[in-house]
Amino acid sequence: MVVSTDDPLATHSQLQFRSLRHQRFVALKDNFVHRQAFRQLSHQNHVRPTIVFESNEIGSILNMVHQHVGIALLSNAVQLPAGLHRLPLIDAQAPTFNVGVAYRHSMTFSPTQADLIQRLTAAFQSVDWHAY
């Protein structure tokens with residue numbers, strides 16, 4: 001979960017989704033896997049969270065969290081700006097996000113493609129996966 005650093009939830013070291021049933025959420029729209037994970041957690045915990053804002057833009061979601069409009073469920077791959085804090089969910093059946101990139105071994109990348117692969121690799125290697 002992503003909260004503002006001055007949100008009372010930020011004092012917790014971890015959360016269970018059901019404890020958030022009275023919180024307001026900002027969420028990515030249905031075309032994101034995050035929304036499927038949100039639905040799965042809601043169903044498993046028998047809660048109907050209040051979604052007060054939806055967007056296709058991760059930046060908008062982060063801004064809304066920073067402005068205390070709501071909290072958000074975002075994958076660990078989303079880099080957080082200053083002022084936001086990530087709290088791991090400890091639900092037994094918390095959804096995971098699997099990301100893969102496939103390409104032919106013989107493929108020659110353009111400079112743009114090579115830069116993208118390098119950035120993706122660096123982003124996922126920089127996450128301490130054991131902390132989540």
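If you read the sequence from its start, that first residue is 1, and numbering goes on from there.
- Under a 3.5 Å cut-off, the side chain of Arg86 and the backbone N or O of Val78 do form a donor-acceptor pair.
- Note that CG of Asn45 is 10.0 Å distant from CD of Gln40, once rounded to the nearest 0.5 Å.
- Residue Leu20 comes nearest to Phe25 through the heavy atom pair O-CE1, 3.7 Å, listed as atom of the first residue, atom of the second, then distance.
- Each salt bridge (charged side-chain N to carboxylate O under 4.0 Å, His left out) pair with one or both residues in residues 48-74, not counting sequence neighbours, appears once here: Arg35-Glu54.
- Atoms CD and CZ, on Gln23 and Phe17 in that order, are 10.5 Å from each other to the nearest 0.5 Å.
- Listed by first then second residue, pairs satisfying side-chain hydrogen bond (donor to acceptor under 3.5 Å, both in side chains) with a partner in residues 101-110 read Ser110-Gln113, not counting sequence neighbours.
- Residues Leu84 and Ser4 approach most closely at CD2-CA, 3.9 Å, considering heavy atoms.
- From Phe109, atom CZ reaches atom CG of Leu116 across 9.0 Å, with rounding to the nearest 0.5 Å.
- Each salt bridge (charged side-chain N to carboxylate O under 4.0 Å, His left out) pair with one or both residues in residues 108-122, not counting sequence neighbours, appears once here: Asp115-Arg119.
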Show every donor-acceptor pair shorter than 3.5 Å between a side-chain atom in residues 60-74 and any protein atom, with sequence neighbours excluded, or say none if there are none.
{"from": "Asn63", "atom 1": "ND2", "to": "Gly59", "atom 2": "O", "distance (Å)": "3.3"}
{"from": "His68", "atom 1": "NE2", "to": "Asp6", "atom 2": "OD1", "distance (Å)": "2.9"}

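- Under the salt bridge (charged side-chain N to carboxylate O under 4.0 Å, His left out) criterion, Arg24 pairs with no residue at all, not counting sequence neighbours.
- Evaluation of the salt bridge (charged side-chain N to carboxylate O under 4.0 Å, His left out) test over residues 66-78, restricted to residues two or more places apart or in two chains, returns none.
- Within the structure, no pair that satisfies the salt bridge (charged side-chain N to carboxylate O under 4.0 Å, His left out) test touches residues 67-78, not counting sequence neighbours.
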Side-chain donor-acceptor pairs under 3.5 Å in residues 7-16, sequence neighbours left out?
{"from": "Asp7", "atom 1": "OD1", "to": "Leu9", "atom 2": "N", "distance (Å)": "2.7"}
{"from": "Thr11", "atom 1": "OG1", "to": "Pro8", "atom 2": "O", "distance (Å)": "2.8"}
{"from": "Gln16", "atom 1": "OE1", "to": "Arg18", "atom 2": "NH2", "distance (Å)": "3.1"}

